[in-house]
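Here's the structure, in structure tokens; my notes come after.
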Amino acid sequence: MILSLRQVKKYFPVRSGIFLQTTGWIRALEEIDLDIEEDKTIGVVGESGCGKTTLGKVVARILRPTSGKVEFLGEDVTGRVSKDVERKFRRNIQMVFQDPFNSLDPRMTIGEILSEPLEAHRVFSSKKEQDNYVKELLVKVGLYPEYLSRYPHEFSGGQRQRIAIARAIALTPKIVVCDEPTSALDVSVQNQIINLLQQIKTEYKISYLFISHNLDVVYHMSDKLFVMYLGNVVESGESREVFENPLHPYTRALMNSTPSWDPNQKRLQTVKLLGEPPNPINPPKGCPFSTRCTIRIERCDKEKPQLVGDEKHKVACILSEV
Ligand SMILES: Nc1ncnc2c1ncn2[C@@H]1O[C@H](COP(=O)(O)OP(=O)(O)OP(=O)(O)O)[C@@H](O)[C@H]1O
Ligand SMILES: [Mg+2]
């Protein structure tokens, strides 16, 4: 196990008034359990605002959880950690963001961007070795070594995402969190980036936490799947199993709302996704999906279902237990 999250919550304060008092909490993540194993891809899907980026940032230690526990290679890294552990963590867990236009420093050349993590971790003893490695990295992500002296604005979105990927893999990390890595790109470029990520995974044996709206891509990329709704994991398991036998009404609705998604060439008999998710400041008392679920019963409004089942398939719905 590389990284595990146990009962992780992340709440953001809502502040108002002239003294900016905390008047409530945005419940972005609720009691999340997640294990990231070596050389495995975990897909994360769910509507906008359900907590996917927050989850990715907690995994990458960009955000600290409000409660719960995070373990990295058997060590507790939930709160403050020693410098050594922090370095080991930074080296091994990286993130690729959605927007390649904002994630690269415009004042740095590509060479500087890619050398920065190598210098910070003193990977090479000579500048020449480091420069050669940076050139190899560029070639690995499908760019030319001559690009080293250029600046980010001289590149297209797809090329910038390649640079962001090169930076993420520079220190040969164990986990890369990919937060919608293709959704800001032209459709024609999206597949190229997905292929690049696949190719890198095969070579480096990286585990991805792969966040995406595109169910087709998640289906092809992931070994495991997490379906999130309003900060909760409502269904999880082996990707193929969950995709081909979705149990939660939300998962079914999500798959139904994606016209291209039809793994068995048959429409899933079920519900449509109507309306918007409720406000995470004041979520429903019972099942988080109860306000939009077309098959709910009275119990659903009062009881919050637990995620139950085995490693292969888990679901949090009293009407569709595994
Ligand atoms: N720094 C923050 N401060 C306050 N609220 C935040 C912060 N970051 C996220 N949130 C809130 O937490 C909830 C989850 O947000 P998050 O960005 O994780 O969702 P998401 O699933 O990534 O959505 P999208 O698909 O639109 O990227 C949202 O209600 C969001 O408004
Ligand atoms: Mg997001």
Side-chain angles (χ1 to χ4, degrees), residues 1-15 25-37 40-73 75-81 85-105 116-117 120 161 164-165 167-171 173-184 197 206-213 218 221-222 224-233 236 277 280-281 283:
M1 191 68 57
I2 310 170
L3 191 94
S4 63
L5 268 53
R6 287 285 167 271
Q7 296 291 296
V8 162
K9 288 188 187 177
K10 180 68 193 178
Y11 290 3
F12 296 104
V14 182
R15 300 189 199 279
W25 297 95
I26 299 168
R27 296 157 174 252
L29 294 178
E30 296 276 21
E31 287 130 13
I32 305 287
D33 286 328
L34 171 75
D35 289 325
I36 306 184
E37 293 165 75
K40 290 270 189 286
T41 296
I42 299 177
V44 181
V45 297
E47 281 162 293
S48 183
C50 69
K52 303 182 296 297
T53 296
T54 306
L55 178 64
K57 286 184 173 172
V58 168
V59 165
R61 243 176 107 73
I62 295 168
L63 289 173
R64 303 288 160 82
T66 306
S67 67
K69 191 173 175 187
V70 184
E71 269 191 11
F72 167 60
L73 299 174
E75 261 179 279
D76 188 340
V77 294
T78 318
R80 279 178 147 261
V81 293
V85 174
E86 187 73 47
R87 278 177 80 81
K88 193 162 79 169
F89 191 94
R90 293 279 152 236
R91 205 172 165 152
N92 280 296
I93 308 196
Q94 295 285 328
M95 190 155 177
V96 173
F97 296 90
Q98 173 173 358
D99 182 2
F101 293 91
N102 284 324
S103 62
L104 304 174
D105 189 332
E116 197 182 40
Q161 204 56 312
I165 292 168
R167 182 181 55 185
I169 60 168
L171 296 166
K174 293 187 191 301
I175 298 175
V176 176
V177 176
C178 301
D179 188 2
E180 311 250 14
T182 62
S183 54
L197 288 169
I206 287 173
S207 301
Y208 290 131
L209 185 73
F210 192 84
I211 299 167
S212 179
H213 274 116
V218 175
M221 292 281 289
S222 317
K224 294 217 159 166
L225 181 71
F226 275 64
V227 182
M228 293 187 64
Y229 187 79
L230 213 60
N232 295 270
V233 174
S236 67
I281 298 172

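Values reported hereafter were calculated over all heavy atoms of this structure, with side chains retained and with hydrogens, waters and symmetry mates removed.
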| task | Fit a plane to each ring of Phe89 and Phe72, take the angle between them on a 0 to 90° scale, and name the class: parallel (under 30°), tilted (30 to 60°) or perpendicular (over 60°). | result | perpendicular
| query | Can you list the residues that meet the salt bridge (charged side-chain N to carboxylate O under 4.0 Å, His left out) rule with Arg90, with sequence neighbours excluded? | reply | Glu86
| Glu31 vs Lys9, salt bridge (Lys or Arg N to Asp or Glu O under 4.0 Å): CA-CA, chis, key distance, verdict | CA-CA 5 Å; Glu31 287 130 13; Lys9 288 188 187 177; 3.5 Å; yes
| message | If I take atom CD from residue Gln7 and atom OG from residue Ser67, how far apart are they, to the nearest 0.5 angstrom? | response | 8.5 Å
| request: Kindly give the heavy-atom pair with the smallest separation between Asp35 and Ile42, and that separation in Å. | output: O-CD1, 3.3 Å
| message | With rounding to the nearest 0.5 angstrom, report the CG to CG distance, Asn92 to Leu73. | response | 6.5 Å
| note | What one should report as the nearest heavy-atom pair of Ala168 and Pro173 is O-CG, 3.2 Å
| said: Once rounded to the nearest 0.5 Å, what's the spacing between atom CZ of Arg61 and atom CE of Met95? | reply: 15.0 Å
| message | Checking side chain to side chain contact (heavy atoms under 4.5 Å, CB included) between Leu209 and each of Leu34, Leu3, Ile93, which is the one that passes? | response | Leu34
| field | Residues that Glu116 engages under salt bridge (charged side-chain N to carboxylate O under 4.0 Å, His left out), provided they are two or more places apart | value | none
| query | Does Tyr229 have any ring pair (Phe, Tyr, Trp, His ring centres under 6.0 Å) partners at least two apart in sequence or in another chain, and if so, which? | reply | Tyr250, Phe289
| task | Give, for atom CZ of Phe12 and atom CG of Leu29, the distance between the pair rounded to the nearest 0.5 Å. | result | 7.5 Å
| task | Would you tell me whether Glu180 and Ser212 have side-chain atoms, one donor and one acceptor, within less than 3.5 Å of each other? | result | no
| said: Please report the interatomic distance OG(Ser4) to CD1(Ile36), rounded to the nearest 0.5 Å. | reply: 9.0 Å
| remark: All heavy atoms of Pro283 vs all of Leu230, minimum pair found to be CB-CD2, 3.9 Å
| query | Below 4.5 Å, heavy atoms only, C-beta onward: do Tyr208 and Val177 meet side chain to side chain? | reply | no
| remark: Rounded to the nearest 0.5 angstrom, the CD1-NZ distance for Ile62 and Lys57 is 6.5 Å
| message | Would you say that Ile32 contacts Val233 through its side chain, given a criterion of any heavy-atom pair below 4.5 Å between the two side chains? | response | yes
| query | Can you check whether Ser207 reaches Lys174 side chain to side chain, under 4.5 Å on heavy atoms? | reply | no
| For the student: nearest non-hydrogen atoms of Arg15 and Pro13, plus distance | NH2-CG, 3.5 Å
